[in-house]
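Excluded from the calculations below are hydrogen atoms, water molecules and symmetry mates; all remaining heavy atoms, backbone and side chain alike, are included. Order of the sequence lines sets the chain letters (A, B, ...), proteins ahead of strands, with each chain counted from 1.
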Amino acid sequence: MEKAVRKERRVFMTGNEVVAWAALAAGAVHMFGYPITPQNEIMHYWRRLAPEYGRGFLQTEDELSAGFTAIGAIIAGKAAFSATAGPGTILFQEPLSMAEMMRLPLVLVVQQRGGPSTATVIYSQQEVTLACFGGNGEGMRLVYSTASHQELYDYTIKAFHHAWSYRFPTLVLGDGYQAKMREALIIYDPAERGWEAIPAEPILGPERIQGGGRPLLHLRNAFSVEEELAEVLREHLDDFARAAPELVEYEFTGEPGAEILVAAHGIVGRAARAAVEELRAEGRPVNFFRAITLRPFPEEALLEALRISGGAMLVVESAVGQFGRMARLAVAGEPLRSFKTLYRPGVGIAAEEIKEAVLA
Amino acid sequence: MSELSMPRCWNRETKPHSFCPGCGHGLVLKALGMAVDELELAEQVTFACDIGCSLLAWNFFNFPSLQTHHGRTIPVMVGLKKADSKRVAVAYMGDGGGYSIGLQHLVSTAVRDDPVTVILVNNTVYAMTGGQMAPTTLPGQKTETTPFGRDEAETGFPLKGPELLAGVVHPEAYLARGTVAQVLRLKKTIQKGLETQRKGHFAFIEALSTCPTNWRTNAAATWSFLEREMSDYYQTAEIPH
Ligand SMILES: Cc1ncc(C[n+]2csc(CCOP(=O)(O)OP(=O)(O)O)c2C)c(N)n1
Ligand code: SF4
Ligand SMILES: [Mg+2]
C-alpha cells in the first residue's frame, strides 16, 4: 500500500478534503459510504484518490450497510471507515452498537448538520448525544470534537490509531461549516510524527491467538444469561475507565481569580476563544475551556478549570445543552457561583454574541 | 446423530447442538458442513450468523464464525470479503433477517454480484421471537400475529426470494431453493453456491426448514407441513435467471 503523504506540506483545503487525506495518510484501507450532505466530498475525494494508493471504496445501499461492511473489513484485519451526518448518524447507531459490544475499531467521521430529522444540510452541534450515547449501551466509544482543519487532520489520524489500540469504536465530529470551508493546514506523514502503522490485525481467525494458545474462532454478540453479559461489560467498562486518563484531551487557558469560565467544543470553541481573547484585551479576566474528547469527557480538567475560575461558568454550543449536560454533570456537587448558557440549536455562534453573554 | 455422521468441520465441543428437537436449522448446517468438507474449504470459510435462531450456530463449526446484528449479516460478509478476497464468506440467516429487515442488503448485494454465499432458512415464521408472521408465512397459516390465518388481502403473498432475485442477478450468479427434506440435494446446492463464490459471483440458497416449536406440530405434522404446504408453494430447484 503506497503512502499518500510523504513530505510535510502546507495546503489550503475544505474540511471534507482534509478528512480524505487524513484517512489516506493514516493508512486506512477501505471506505464504505452512503451519500449525505455535508460529508459527500469525503467520499468523492477518497474515491478518486483511493486507486492511486491501493485503497478500496464501496458505495453501499444505506448507512446500515456502510457501517456493517466496514465492520466486516475490520474483522478481516483492515482499517476501514465511513463518514456521515444527521439522519445517517442515526442509522449508524446499529453498527456502532455492534462495534461497542464486540470491541471493533470502527471509525466514523460525522459532519454535523441541523436536526432533528432532515432539518438542514448546513451546520449544528446537535449530534453530540447521538455520537456519545446513541447506542443501546453505555457509550463505550471515543469521540473527538475538532475545531480546525488542522485538528480534523490530526484527530482523524489519531482516531484510527486509538480505535485499533484501545478497541473502541471512534468518532470524529466536525460540522457542515468545517466540511465546506477552506482553511490552511499542514499535512504530514504520520510516521514522521511518531505514529507507526495502524495496529490492525485480523480480529477473528486462526491468526488471532488468545490466552491458552487457542485461536479465536468464535466471536459472540448475543448472550444467554445476565451474568455472562455482566462479566463482559464489566471488562469493557473497566478498560474504558482505565484508558480515560490517557485519552482525555482539552484546551484550557486562564488564571486564578477570573470572573467566569467560558466552556465550549468544536468550532464554537474557536469563537469562544476569540471572545475570551477580546475580553482579556479589554481588561476582563475570563478563562477558557474547550473539550476535545467528548467521550471520555475531560471531567476532572473541567472541574479544576471551574475552581480556578471561582465557580462561574458559561456554556456555549450550537445545540440545547447536549454538551452542557455533560459539562454540568462533570461539575455536579461543586458549589457554583453561576451557570449561564448560550444555546443556539443548529445555528452558528459568533464571538460577539459570546462576549455579550459573558457581560450580561 | 452418530459421531461418524458428523461433518469434520463441525465443532464437536458444542454438540449436541441447542436447536429444538425436530428443528431444521441443524439439517441445513449439516448440509453446509458436508459441502465444506467435500470441497475441503474449512480453512477458507468465515461463517457469520444473523440474529434469530441462526445465532445458535455461532460456535457450531471449527472455522472462524461470528454473530452479527439482526438483518446485517450480508453486509458484514461483503465487507469481510472485500478486505480479504481469499476467504470464503458464508452468511447464514432466517427469513425474517434476510427477507424483511435486511432485504435491502440482499437485493443490493445480488445487484452488485458480490462474491458471497448467502444461506437463508425459510421456516415461515420469526422463530426466535416466538412465532410471528414472516414474509414467508403461507396464506392462511396461523402465527402469533396472524392468529386467524395469514390474510393475503391484508398482508400480501409470501415472498419468494430466489425468484425475486432472478430479475437482478448477474448471469453467472447462483440461485436455488433446497429443503431439509432432502439434505444430500441441499448439500449439492450449497456446494454449487460455494463454488460460484469462488468463481467471483454471488450465490443465494434458500432452504425450506422446520420449526415444530412455533408451528406447534408433532413430528408427523411437522414433516407434512414441510413436504406438502411449503413444498407446494415454494419450488425446490435451481432458479433460472
Ligand atoms: C433490529 C432488531 N429488531 C428486532 C430484533 C428481534 N429479533 C430477534 S430474532 C428476530 C426474528 C428472527 O426471525 P428469522 O430471521 O426468521 O429467524 P428464525 O429465528 O426464524 O430462524 C427478531 C425480529 C432484533 N434482534 N433486532
Ligand atoms: S424455535 Fe424453531 S427455528 Fe428456533 S430452534 Fe426451535 S425449532 Fe428451530
Ligand atoms: Mg424464520
Side-chain angles (χ1 to χ4, degrees), chain A residues 28-32 34 55-82 91-102 104 106 135-136 200-208 214-224, chain B residues 9 11 13-14 18 42-89 91 101-112 114 116 128 168:
Chain A
V29 185
H30 289 283
M31 178 179 188
F32 299 89
Y34 186 81
R55 321 297 170 89
F57 174 77
L58 179 68
Q59 181 172 329
T60 56
E61 56 276 19
D62 57 21
E63 287 85 352
L64 298 166
S65 180
F68 285 103
T69 46
I71 280 176
I74 287 163
I75 285 166
K78 298 285 162 51
F81 78 109
S82 189
L91 292 187
F92 249 96
Q93 297 311 318
E94 264 200 48
L96 283 168
S97 71
M98 175 161 152
E100 286 181 305
M101 183 70 252
M102 297 165 90
L104 303 172
L106 175 61
N136 58 333
E201 56 175 352
I203 290 190
L204 175 71
E207 313 87 342
R208 183 75 195 286
R214 282 165 72 97
L216 181 61
L217 287 182
H218 304 109
L219 205 55
R220 211 167 171 186
N221 188 23
F223 299 87
S224 329
Chain B
C9 62
N11 179 4
E13 286 175 30
T14 57
S18 41
E43 303 272 298
Q44 277 95 295
V45 170
T46 298
F47 171 86
C49 52
D50 210 69
I51 301 306
C53 289
S54 66
L55 74 80
L56 297 171
W58 73 284
N59 56 3
F60 201 94
F61 295 101
N62 286 324
F63 33 72
S65 313
L66 71 146
Q67 287 167 333
T68 70
H69 193 104
H70 185 41
R72 313 300 172 215
T73 303
I74 291 173
V76 170
M77 286 292 97
V78 168
L80 179 112
K81 182 78 182 185
K82 262 218 147 3
D84 185 354
S85 57
K86 295 187 304 298
R87 297 205 196 205
V88 172
I101 195 168
L103 184 63
Q104 75 274 40
H105 308 309
L106 178 59
V107 171
S108 304
T109 267
V111 168
R112 289 190 301 257
D114 293 323
V116 296
M128 176 141 275
V168 300

Exercise for the section: Using non-hydrogen atoms and a 4.5 Å limit, figure out which bit of A:Ala70 sits close to chain B: side chain, backbone, both or neither. Expected result: neither
Practice task
Answer with side chain, backbone, both or neither: which region of A:Met101 has an atom nearer than 4.5 Å to a non-hydrogen atom of chain B?
Solution key: neither
Report yes or no: does [X] contribute a side-chain atom to a donor-acceptor pair with the main-chain N or O of [Y] at less than 3.5 Å?
X	Y	answer
B:Thr14	B:Asn59	yes
B:Thr46	B:Pro64	no
B:Thr109	B:Leu106	no

Practice task
With rounding to the nearest 0.5 Å, note down the distance linking SG in B:Cys49 to CE in B:Met77.
Solution key: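 Rounded to the nearest 0.5 Å, the SG-CE separation comes to 9.5 Å.
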Fill in the blank from the handout: Ordered numerically, the heavy-atom neighbours of chain B under 4.5 Å found in residues 91-98 of chain A are A:Glu94, A:Ser97, A:Met98
Problem - Partners passing salt bridge (charged side-chain N to carboxylate O under 4.0 Å, His left out) against A:Arg220 (at least two apart in sequence or in another chain) - result: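 Applying salt bridge (charged side-chain N to carboxylate O under 4.0 Å, His left out) to A:Arg220 gives A:Glu228.
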Completion exercise
Scored by heavy-atom pairs under 4.5 Å with chain A, the best of B:Asp84, B:Thr68, B:Val78 is B:Thr68
Exercise for the section: For each of B:Arg112, B:Gln104, B:Gln67, tally heavy-atom pairs with chain A at distances under 4.5 Å, and name the one with the top tally. Expected result: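 If we count pairs closer than 4.5 Å to chain A, B:Gln67 comes out on top.
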Handout entry: Flag if over 12 foreign heavy atoms under 6.0 Å of CD, A:Glu201
Key =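 Atom CD in A:Glu201 is crowded, with more than 12 foreign heavy atoms closer than 6.0 Å.
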Problem - Toward chain A, the part of B:Asn11 with a non-hydrogen atom under 4.5 Å - result: side chain
Practice task
For B:His70, enumerate each residue passing the side-chain hydrogen bond (donor to acceptor under 3.5 Å, both in side chains) test, keeping only those at least two apart in sequence or located in another chain.
Solution key: B:Asp50
Problem - Closest-packed option against chain B by number of heavy-atom pairs under 4.5 Å, given A:Leu64, A:Ile71, A:Leu216, A:Ile74 - result: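 Winner by heavy-atom pair count: A:Leu64.
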Exercise for the section: Go through B:Asp114 and B:Lys81 one step at a time and tell me if the side-chain contact (heavy atoms from CB on, under 4.5 Å) criterion holds. Expected result: CA-CA 9 Å; B:Asp114 293 323; B:Lys81 182 78 182 185; over 6 Å; no
Exercise for the section: Sequence neighbours left out, what passes ring-ring contact (aromatic ring centres under 6.0 Å, His included) with B:Phe47? Give chain and number order. Expected result: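 For B:Phe47 the ring-ring contact (aromatic ring centres under 6.0 Å, His included) partners, ignoring immediate neighbours, are B:Phe61, B:Tyr92.
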